[in-house]
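Each remark here refers to the structure printed beneath this line.
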Amino acid sequence: MESLSEKSSSNCRSKRNLTNEQRQAIFDALLLQFDYGKPRGGFISEVAALFSVHPKIVSRVWQQGKACIANGSVVDVSSKLLGRVGRKRVQIELSKISSLEFKRRTNIRSLSKALEVPKSTMHRQIKEGLMRPHTNALKPNLSKEGKRSRLRFCLSMLEPSSLESQPFFKDMYNYVHIDEKWFYLTRESERYYVLLEEEELHCTCKSKKFIIKVMFLAAVARPQFDANGNEVFSGKIGIFLFTCKVPAKRTSKNRVAESLFSIDDEATDEAVLAFTFDDSSESVIQQDNAKAHIHPLDPQFLEAAHEDGLNICLSFQPPNSPNMNVLDLGFFTSIQSLQHQHAPSTIDQLVSVVEKSFEELSSQTLNHVFLTLQTCMVEVMNVYGGNNYKLPHLGKGQLVRIGNLTSHIQCDCDVMENALAHLELEG
């Protein structure tokens, strides 16, 4: 069994410095431990346990008070640590850090070597908030024409009736966003949380360059809700597999018979035409500039798009602009997050898990991405068509809880006018 002094020591390692009031209270408690003018045995340990401090601290307070009594002076057990105490901090000139190349600031080790200071000093500067880590992602290199195209696209998404007063974006309920994506069976690196006694997972594949993957084409529109917030339309039109299953001729080390997947080159046309028939009288299908996509004037598409009185057209988003599509902006990432939680091990399981994850995602998540798309358009206009902006955050979850989530984002008049002036200036 632990002694009283050991318990007090283990409970109070974090209390390094006591206040003067606490030290005086400890000394007063020590004086109460006297019987007939003599201290009782173990009185220091008892007081240490009472104040939850180490017995050595109580002993030092007692010795300091006894010294004052012996000298005939007023008892003063206050701390001798006044002002700034301890070793002096190593001072770093922040201007030296800003003068370094970014390539020499990729980790604490290289940064400390360039500044000739210990790594612990740099780590302390980061913890104190004088520096912050930043992850930089590569973005497409935009030409001048590409930036103008992005500006024109964002301006075209403003509601024409609002331009004279307070511009805001269209509700986008008649827009269908389509895009393709490879979904991988596993990642190159995965993080798990294991118990101390558990054995670590051992994952292998034949080549990390050729991880098993399947391509899907997804089509989504903006969800619609009634006045009470109930879902009327989920916005999830469908996710279409780019492969078809054909029977294998023989069993091999890679697969058994009847389980071979092969890519169908005509899947793009068939998938797009499969969901163009909709009850809506007007709709726009937005796609990127991949060569495999259908041309807006494709005869087969025009025939299907205008059949039965429908009015459906195709449009291209600006080149090198994945953030102009809700799928690339965030919805594909949400599907991937759910997909990896299921941990599929075969192609059949991967296909099933991706389709299940697509259906499991809430329509509210999709609606949030459409709002994020509109905020991105505002930022694009702020930087005159560039992509050097941070993804804005609106706190949409909190706005939903208080019932204050808007259906469209407003754009400042100055932002719109500056974007128009920039387009005219660039010609």
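Sequence positions, counted from 1, serve as the residue numbers for this chain. No hydrogens, no waters, no symmetry mates; every other heavy atom, side chains included, goes into these values. Remember, predicted model here, so these are calculated numbers, not experimental data.
- F153 does not carry R150 over the face of its six-membered ring by the limits of under 6.0 Å from the centre and within 45° of the normal.
- Looking at N323 and D328, their side chains never come closer than 4.5 Å, going by heavy atoms from C-beta outward.
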Let's go through R148 and E145 carefully: what are the C-alpha distance in whole Å and the side-chain angles of both, what is the deciding distance for salt bridge (Lys or Arg N to Asp or Glu O under 4.0 Å) to 0.1 Å, and is it a yes or a no? CA-CA 5 Å; R148 288 195 292 268; E145 180 55 37; 2.8 Å; yes
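- Around the CD atom of E116, the shell of radius 6.0 Å holds no more than 12 heavy atoms that belong to other residues, nucleotides or ligands.
- Counting non-hydrogen atoms of other residues, nucleotides and ligands closer than 6.0 Å to NZ of K113 gives a total of 12 or fewer.
- When every heavy atom of S357 is checked against every heavy atom of I335, the shortest pair comes out as CB-O, 3.8 Å.
- A distance of 6.0 Å or more separates the ring centres of F240 and F216.
- For F370 and H177, the ring centers sit closer than 6.0 Å to each other.
- Minimum heavy-atom separation, N325 to L373: N-CD1, 4.3 Å.
- Side chains of S362 and T365: a donor-acceptor N/O pair is present below 3.5 angstrom, by distance only.
- Of all the heavy atoms in L142 and P319, the pair that sits closest is CD2-O, 4.3 Å.
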Pair N20-Q24, side chain to side chain contact (heavy atoms under 4.5 Å, CB included): steps then yes or no: CA-CA 6 Å; N20 292 337; Q24 186 62 47; over 6 Å; no
Report the C-alpha separation of L94 and I97 in whole Å, then their side-chain angles, then the decisive distance to 0.1 Å, and conclude whether the side chain to side chain contact (heavy atoms under 4.5 Å, CB included) test is met. CA-CA 5 Å; L94 298 181; I97 299 177; 4.1 Å; yes
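- The nearest pair of heavy atoms linking S283 to I312 is OG-CG1, 3.3 Å.
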Could you go step by step and tell me if Q286 and V176 meet the side chain to side chain contact (heavy atoms under 4.5 Å, CB included) rule? CA-CA 6 Å; Q286 179 182 310; V176 176; over 6 Å; no
Stepwise, does the side chain to side chain contact (heavy atoms under 4.5 Å, CB included) test hold for L329 with L391? CA-CA 10 Å; L329 186 59; L391 195 65; 4.0 Å; yes
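- Summarising the local packing, CD of E190 is surrounded by more than 12 heavy atoms from other residues, nucleotides or ligands at distances under 6.0 Å.
- In this structure, L327 and F332 have side chains that are in contact, with non-hydrogen atoms separated by less than 4.5 Å.
- By the neighbour-count criterion of 12 heavy atoms within 6.0 Å, atom CG of N230 is densely surrounded, having more than that number from other residues, nucleotides or ligands.
- Cation-pi geometry between K170 and Y175 is not met at under 6.0 angstrom from the ring centre and within 45 degrees of the axis.
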Dump the intermediate steps for ring-ring contact (aromatic ring centres under 6.0 Å, His included) on H408 and F169, then the final yes or no. CA-CA 6 Å; H408 46 253; F169 287 94; 9.3 Å; no
Please step through side chain to side chain donor-acceptor pair (under 3.5 Å) for the pair S345 and Q349, ending with a clear verdict. CA-CA 7 Å; S345 57; Q349 292 178 3; 3.0 Å; yes
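- In terms of modelled atom types and a separation under 3.5 Å, the side chain of S143 and the main chain of G146 share a donor-acceptor contact.
- Aromatic ring pairs are classed by plane angle as parallel below 30°, tilted from 30° to 60° and perpendicular above 60°; the pair H295 and F316 is perpendicular.
- Side-chain atoms of S110 and K103 include no donor-acceptor pair closer than 3.5 Å.
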Pair T346-D348, side chain to side chain donor-acceptor pair (under 3.5 Å): steps then yes or no: CA-CA 5 Å; T346 64; D348 289 323; 5.1 Å; no
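- When all heavy atoms of V383 and Y389 are compared, the closest pair comes out as CG2-CD2, 4.2 Å.
- Inter-residue side-chain proximity for E101 and R104 is flagged as met; some heavy-atom pair is nearer than 4.5 Å.
- By the 6.0 Å contact criterion, CD on E93 is open, its count of non-hydrogen atoms from other residues, nucleotides or ligands being 12 or less.
- A 6.0 Å sphere centred on CD of E360 holds more than 12 heavy atoms belonging to other residues, nucleotides or ligands.
- Remark: the E231 side chain and the S363 side chain contain an N/O donor-acceptor pair separated by less than 3.5 Å.
- Heavy-atom neighbours of L195 CG from other residues, nucleotides or ligands within 6.0 Å: above the threshold of 12.
- Across all their heavy atoms, K119 and I108 have their closest contact at O-CG2, 3.7 Å.
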